[in-house]
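Please read the structure below before turning to the comments.
Note that ligands are numbered from 1 as they come in the structure, with each ligand's atoms numbered from 1 the same way. All residue numbers refer to positions in the sequence shown, counting from 1.
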Amino acid sequence: MVEAWHRPTKAIIDLNAIKENIKLEKKLLKKGQQLFAVVKANAYGHGLIPVAMAAQTAGVEGFCVAVIDEGLALRRAGLTKPILILGVNPAELAPLMAANHLSVAVDSLEFLKQSERLLHSEHLKLAVHLALDTGMSRIGFKTTVDLQNAVNFLRTHPAEFEFQGIFTHFATADAATDGYYQQQLKKFQQLLAVVNPLPPYVHVANSAASLWHQACGGNMIRFGISMYGLNPSGNVLAMPAPFKPALSLISQLVAVRVVNAGESVGYGKTYTAQKKEWIGTVPLGYADGWLRRMQGSKVLVNGKKCEIVGRVCMDQIMVRLPEQLPVGTKVTLIGSEGSLQITAQEVANYAQTIHYEVLCGISARVPREYID
Ligand SMILES: Cc1ncc(COP(=O)(O)O)c(C=O)c1O
């Protein structure tokens, strides 16, 4: 997708906020715990390389990505810290990961057996984190027998594999009740009991677990959403420190017109003015990640909350203005203007989703501009 630099719609990323959030999180960690910045999905829409660079400056010990290509992009940008790929991959790609010093989540003996032959013939060594399925039913070993077989295979092939870590992922670390989280933790501890000695990294915590379940332990934190300043639970649990959102989404009015009583706005004629109204057009739409269901929500214009009227188009939205305003007036879709703000959480509430999806959904057409 072409990035639209000649348009006033931009995501402004405050790299200082990201660095401050990392510093806040580091203060919450126990001695010996390392912080890995989760920068998958274009750093949750904030921009992979600038965020990774800022996180490195703020002192993270490594990075987590979802897919090989994100890891390769970090290596190409010159980042040398450990990178863990959180998703599983086919054995044919083991040499590529090993050659680029990308550690990878593994959840099957077949992967180890198949990749051993390839790694052996290319004299490469792959760093492996064994994934344990303690209740997500997504990836991971479920039984002690399967886990032991994988551990034995790793230990009997030290030339091809470095057994670097073992981990699990919680389904409900951001919930108000902790019953299922406790069950998962117990299962993790039962599985871990058959691994002796343990690998260098043992990790369970995402942002939520690190904020609200510090007793879960582990020596590495996979720090995602709260690095970007957001509350993993939405509004369910209170944040223990003042993390600051790093992303604002802004634009400008590119057209302003009078609509008379009885005239309608947008596709499907879903909005009809009851009286004379001023309508402003903003150049952003569902192709930018501003979902169609945002019709009826508010944006900030000239210090006031203004409603999106009519359907969200692919590239434009129309807002009802309190008065005639000049073309070029700033519009804030996420962020603050004076004492008013619209948070990613509010957008998510309106769109009936979570703020993770709102941020990841801001498309590649929207340029990211960085403040540092
Ligand atoms: C395995 C794993 N660890 C850590 C994270 C980071 O989670 P959060 O952004 O909630 O901190 C994710 C995100 O989806 C994940 O899949």
Side-chain angles (χ1 to χ4, degrees), residues 17-18 21-22 24-26 28-29 33-46 48 51-52 55 60-68 70-71 82-89 102-107 128-141 164-175 180-181 184-185 187-188 201-214 216-237 239-241 243-247 344-345 348 353-361:
I18 289 178
N21 293 337
I22 289 170
L24 278 178
E25 172 73 2
K26 284 198 149 222
L28 299 174
L29 297 187
Q33 283 185 320
Q34 293 194 10
L35 198 61
F36 274 47
V38 182
V39 291
K40 63 197 172 100
N42 197 29
Y44 293 38
H46 294 63
L48 175 64
V51 167
V60 300
E61 279 84 9
F63 301 99
C64 295
V65 295
V67 297
I68 293 177
E70 292 168 344
I83 297 172
L84 170 61
I85 302 167
L86 296 169
V88 290
N89 286 278
L102 302 175
S103 308
V104 66
V106 168
D107 82 339
V128 162
H129 289 228
L130 293 182
L132 305 186
D133 180 6
T134 58
M136 270 288 280
S137 304
R138 187 167 70 172
I139 60 166
F141 294 96
Q164 193 180 61
I166 192 159
F167 75 103
T168 195
H169 191 50
F170 293 121
T172 61
D174 56 352
Y180 196 66
Y181 155 80
Q184 280 198 260
L185 186 60
K187 178 101 198 279
F188 183 68
Y201 288 111
V202 177
H203 49 110
V204 295
N206 55 359
S207 298
S210 80
L211 298 176
W212 298 303
H213 300 287
Q214 286 168 355
C216 67
N219 56 11
M220 163 184 160
I221 310 298
R222 307 185 303 264
F223 191 47
I225 195 72
S226 298
M227 180 172 75
Y228 306 100
L230 300 187
N231 180 336
S233 76
N235 292 325
V236 176
L237 300 170
M239 293 289 261
F243 292 95
K244 188 178 166 214
L247 181 142
Q345 180 61 43
T353 179
I354 52 172
H355 50 48
Y356 291 75
E357 195 179 23
V358 171
L359 298 180
C360 292

message = If we ignore hydrogens and angles and just use 3.5 Å, is the side chain of Asn21 paired with the main-chain N or O of Lys244 as donor and acceptor?
response = yes
I need the nearest protein heavy-atom contact for [atom]: residue, atom name and distance, please.
atom	result
atom 11 (O) of ligand 1	Ser207 OG, 2.6 Å
atom 7 (O) of ligand 1	Asn206 CB, 3.5 Å
atom 4 (C) of ligand 1	Arg222 NE, 3.4 Å

note = In ligand 1, the atoms that come under 4.0 Å of a heavy atom of Lys40 are 12 (C), 13 (C), 14 (O), 16 (O)
ask   = What atoms of ligand 1 come closer than 4.0 angstrom to any heavy atom of Ile225?
value = 8 (P), 9 (O), 10 (O), 11 (O)
ask   = What orientation do His129 and His203 show, parallel under 30°, tilted 30 to 60°, or perpendicular over 60°?
value = perpendicular
ask   = Counting heavy atoms only, which of Arg138, His203, His169 is nearest atom 12 (C) of ligand 1?
value = His169
remark   = Closest to atom 6 (C) of ligand 1 by heavy-atom distance, out of Tyr44, Tyr228, Tyr356, Phe167, is Tyr44
key: No-hydrogen, no-angle side-chain donor-acceptor test under 3.5 Å, Ser210 and Glu25   = yes
request  = Identify the two heavy atoms, one from Leu86 and one from Ile139, that lie closest to each other, and give their separation to 0.1 Å.
outcome  = O-CD1, 3.5 Å
request  = Applying side chain to side chain contact (heavy atoms under 4.5 Å, CB included), name anything that partners Glu61, two or more places apart in sequence or on another chain.
outcome  = Lys26, Gln34, Leu35, Phe36
ask   = Listed by chain and number, what are the side chain to side chain contact (heavy atoms under 4.5 Å, CB included) partners of Leu237, not counting sequence neighbours?
value = Trp212, Ser233
message = Is there a polar contact, in the sense of an N or O pair closer than 3.5 Å, between Gly224 and ligand 1?
response = yes
